[in-house]
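Note on naming: letters A, B, ... go to the chains in the order of the sequence lines (proteins, then strands), and numbering restarts at 1 for each one.
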Amino acid sequence: MLDPRLFRADLEFVTEQLNRRSFNFDSESYSELEAKRKAIQVKTQELQNERNSRSKAIGQAKARGEDVQPLLDQVQYLGDQLKATEAELSDIQSIMTALMEGIPNILDETVPVGKNEESNVEISRWGDKPEFAFEPKDHVDLGSNKGMSFELGAKIASARFVVLNGMLARLQRAIIQLMLDTHVSEHGYNETYVPFLVNADSLRGTGQLPKFEADLFKVNNDPTLYLIPTAEVPVTNIVRDVIIDAKDLPLKFVCHSPCFRSEAGAYGRDVRGMIRQHQFEKVEIVQIVKPDESRKAHEELTGHAEIILQKLKLPYRKVLLCAGDTGFSSAKTYDLEVWLPGQQAYREISSCSNFKDFQARRLQARWRNPETGKPELVHTLNGSGLAAGRTLIAVMENYQDADGNIQIPEALLPYMGGVTIL
RNA sequence: GGAGAGGUGGCUGAGCGGUCGAAAGCGGCGGUCUUGAAAACCGUUGAGGGUUUAUCCCCUCCCAGGGUUCGAAUCCCUGCUUCUCCGCCA
C-alpha cells in the first residue's frame with residue numbers, strides 16, 4: 001500500500017507515477033472521496049468529543065451526589081446521531097482502504113518505460129550456451145524414460161501436475177539442498193520452515209489479496225486458508241505487526257517450500273512440460289532491511305540467486321523488468337532467465353524484487369530508528385533462489401548428451417550418492 | 001474432539017462501570033553524583049489519526065468483532081489465540 005499522506009501532499013505526483021505503469025488512477029474521484037472522508041471524520045470526532053466531555057461531567061456530578069437526571073436528558077439525542085456518523089465514517093474508510101489496496105507500488109526511478117516484457121532491459125549475460133552436435137531435446141523427452149510422468153500427475157491430481165520418480169526426484173532434492181546450503185553457509189541467510197497454508201491477513205500483507213485471489217488455491221473445508229503461491233507470503237509475514245530492533249537488521253531468511261498456483265490467467269501458455277505447474281518447489285530468499293539499505297540489498301540478493309546458476313554452470317541473463325512487466329507490489333524487479341536448449345530460449349528462473357515500504361505498510365512491519373526514536377517502516381525484498389522445478393529442467397536440457405543421458409553438474413555430485421549420469 | 005484457566009504498554013503485572021491511556025516494577029532515554037563506570041537519586045518514556053506553519057487541542061486503540069450504557073480495560077455474546085488436563089494421531 002502507498003502512503004496516504006503522499007496522496008494528500010502531492011496527488012499529481014502520485015497520479016503521474018502510477019501512469020508510468022499504465023495504472024489509470026482517477027485522482028478526481030479520489031479527491032472527492034478524500035474531502036468527504038475529512039468532513040465526516042471531523043464531524044464524528046466533534047460528536048465523540050461532546051459525548052466524552054458530557055459523560056465525564058455526569059460522572060463528576062454523580063460523585064458530588066447531585067441529581068444527574070437533567071444532564072442525562074441533555075445527552076439523550078447524542079447517541080443516535082453519533083452512531084449514524086460513525087457508520088458513515090466507517091463506510092467511507094472501508095471504501096478508501098479497498099481503493100488503496102488495489103493501487104500498485106510506485107516504481108523506482110531506474111525502471112525503464114515499456115508496456116510488456118518486450119521492453120525489458122538486458123543487464124548482463126553469463127555462461128556459454130552449450131553447443132550440441134545433435135538436435136537437443138527438451139526435458140519432457142529427456143525425462144520420459146527417467147521417471148518424469150505428466151500422465152501420472154494428471155491421473156493423481158489433474159493437468160499441470162507432475163510425478164518425479166527415482167533419480168530425477170533425487171536430482172531435484174539435490175538442487176534444493178545445494179541452494180539451501182549455499183544461502184545459509186555462504187550468504188548468511190537463516191533457514192526457516194513455515195506453514196504452507198496461510199490466512200487472508202498474510203496474503204493481504206504481501207499484496208496477493210485482495211486483487212489476485214483468482215491465482216490462489218483455497219482450502220475447501222476451511223475458507224480462511226489458502227495454499228501459498230510462494231514462501232514469500234509466510235516468510236515475510238514473520239515480521240507483520242513487529243517493531244524490530246535496529247541491531248537485528250537486516251533479517252535474512254531462506255526457505256524451501258512447495259508453491260501452489262492456479263495459473264488462472266495462463267491457460268494456453270507453456271502447456272508442455274514442467275515450466276508452468278500448479279505445484280512446484282522453490283527456495284526463496286527474503287530480506288528485511290533499513291530503508292536506506294534496500295537498494296544495495298536488492299543488488300546483493302539478486303547476486304545470491306545468480307551464484308546458484310553459476311555454481312551449476314547454467315547460462316543465464318539478467319533482465320531489468322520494464323514498468324509494464326513489474327509486479328503489483330514491486331518497485332523494481334530483476335528477472336534471471338536461464339537458457340533452455342529444448343526451447344532455444346531464455347526463461348525466467350528467478351525474480352528478485354525490492355518492495356521498498358509497500359509491503360511493510362500493509363504488514364505494519366517496522367523498526368525503531370535510533371535517530372528519531374520512532375517506529376518506521378522497514379523495506380522488504382525477496383527473490384527466488386531459485387525455482388527448483390525450472391532448475392531441474394535447465395540442468396536436464398543443458399547437460400544432455402547425444403544418447404539422451406544427463407550428466408550431473410559437479411556442484412550437485414555431493415548430493416547424488418555417487419551417481420554421475422542419468 | 002472434550003474440560004478448565006488466561007489474553008492489559010518494549011517486558012512482568014495491578015486495575016469497585018465514571019476523573020484510566022491505564023498503578024507498580026523492570027527495561028529505555030535525559031540529568032545529578034563520579035577522573036570514568038557502576039550504584040543511588042531526580043526526571044522522562046506507547047501507537048495510529050484529525051486540525052495546525054508550529055504549539056495547543058481533539059479522536060481512536062487494554063486480542064478481534066458485535067451488544068448493553070449518558071459513560072466499558074471493567075458487564076453480555078461470538079470468534080481468534082495461548083496454557084493445562086483428557087481423547088485421537090504422524
Side-chain angles (χ1 to χ4, degrees), chain A residues 1-11 30-31 33-101 193-205 209 219 221-226 234 237-249 251 258 288 357 360-378:
Chain A
M1 202 160 79
L2 295 171
D3 189 350
R5 280 171 296 197
L6 191 58
F7 284 71
R8 286 173 222 149
D10 198 345
L11 194 56
Y30 171 87
S31 300
L33 263 180
E34 170 62 14
K36 207 166 138 196
R37 191 221 95 231
K38 197 180 273 191
I40 295 170
Q41 182 160 343
V42 168
K43 188 176 161 202
T44 308
Q45 294 192 351
E46 276 168 4
L47 285 170
Q48 285 171 329
N49 183 19
E50 190 173 344
R51 177 204 59 196
N52 290 349
S53 52
R54 284 185 187 252
S55 291
K56 200 170 270 187
I58 292 172
Q60 285 164 346
K62 213 170 182 179
R64 287 192 300 266
E66 296 169 11
D67 176 20
V68 295
Q69 194 52 47
L71 291 172
L72 285 179
D73 292 342
Q74 280 177 22
V75 96
Q76 212 72 45
Y77 73 98
L78 262 175
D80 292 342
Q81 208 179 334
L82 185 57
K83 204 166 274 184
T85 34
E86 273 176 348
E88 215 179 329
L89 180 62
S90 123
D91 281 353
I92 196 160
Q93 274 171 341
S94 39
I95 289 171
M96 294 200 75
T97 306
L99 180 76
M100 293 299 282
E101 280 182 340
Y193 174 81
V194 294
F196 301 152
L197 294 172
V198 293
N199 58 36
D201 283 341
S202 294
L203 289 158
R204 199 172 298 113
L209 287 181
V219 178
N221 73 343
D222 187 344
T224 70
L225 292 175
Y226 299 78
N237 272 275
I238 289 172
V239 296
R240 170 151 54 91
D241 295 323
V242 176
I243 299 172
I244 305 162
D245 266 12
K247 66 172 161 44
D248 293 333
L249 292 173
L251 293 174
I288 315 292
D357 63 10
R361 186 168 294 104
R362 291 168 166 243
L363 293 161
Q364 282 303 298
R366 294 171 293 175
W367 67 301
R368 197 169 290 277
N369 185 343
E371 282 174 32
T372 61
K374 293 282 177 195
E376 296 171 12
L377 296 170
V378 295

d([atom1], [X]; [atom2], [N]) in whole Å:
X: A:D245; N: B:rG27; atom1: CG; atom2: P; value: 16 Å
X: A:D248; N: B:rG10; atom1: CG; atom2: C1'; value: 13 Å
X: A:K247; N: B:rG10; atom1: NZ; atom2: P; value: 16 Å
X: A:I243; N: B:rG46; atom1: CD1; atom2: C1'; value: 9 Å
X: A:R368; N: B:rG10; atom1: CZ; atom2: P; value: 7 Å
X: A:R240; N: B:rC80; atom1: CZ; atom2: C1'; value: 13 Å

[atom1] atom, [N] versus [M]: distance in rounded Å?
N: B:rC42; M: B:rG49; atom1: P; value: 36 Å
N: B:rC11; M: B:rC62; atom1: P; value: 16 Å
N: B:rA3; M: B:rU12; atom1: P; value: 29 Å
N: B:rC26; M: B:rU35; atom1: C1'; value: 31 Å
N: B:rG21; M: B:rG9; atom1: C1'; value: 9 Å
N: B:rC83; M: B:rG46; atom1: P; value: 31 Å
N: B:rU69; M: B:rC86; atom1: C1'; value: 42 Å
N: B:rG79; M: B:rC85; atom1: P; value: 25 Å

Nearest-0.5 Å distance, CD1 of residue A:I92 to NZ of residue A:K36: 4.5 Å

Pairing nucleotide - [N], Watson-Crick or G-U, each distance under 3.5 Å:
N: B:rA37; value: none
N: B:rC62; value: none
N: B:rC29; value: B:rG43
N: B:rU69; value: none
N: B:rA3; value: B:rU84
N: B:rU55; value: none

Could you give me the CA-CA distance, side-chain angles and deciding distance for A:Q60 and A:K56, then say whether side chain to side chain contact (heavy atoms under 4.5 Å, CB included) is met? CA-CA 6 Å; A:Q60 285 164 346; A:K56 200 170 270 187; 4.3 Å; yes

Cut-off 3.5 Å, side chains only: do A:N52 and A:S55 have a donor facing an acceptor? no

Quick check: any donor-acceptor pair below 3.5 Å linking the side-chain of A:K56 to the base of B:rG18? no

Which letter, B, S or -, goes with each nucleotide of nucleotides 49-67 of chain B from 5' to 3', with contact meaning a protein heavy atom under 4.0 Å? BSS------BBS-------

Could you tell me which non-hydrogen atom of A:Y30 sits nearest to which non-hydrogen atom of A:P4, and how far apart they are? OH-O, 4.3 Å

Here the pair of heavy atoms bringing A:N199 nearest to A:L225 is N-CD2, 4.0 Å

Before accepting this row, confirm whether a basic side-chain N of the pair A:K83/A:E86 lies closer than 4.0 Å to the acidic partner's carboxylate O. no

Indicate yes or no: at least one non-hydrogen side-chain atom of A:V198 is less than 4.5 angstrom from one of A:N237. no

Pair A:L82-A:Q48, side chain to side chain contact (heavy atoms under 4.5 Å, CB included): steps then yes or no: CA-CA 7 Å; A:L82 185 57; A:Q48 285 171 329; 3.7 Å; yes

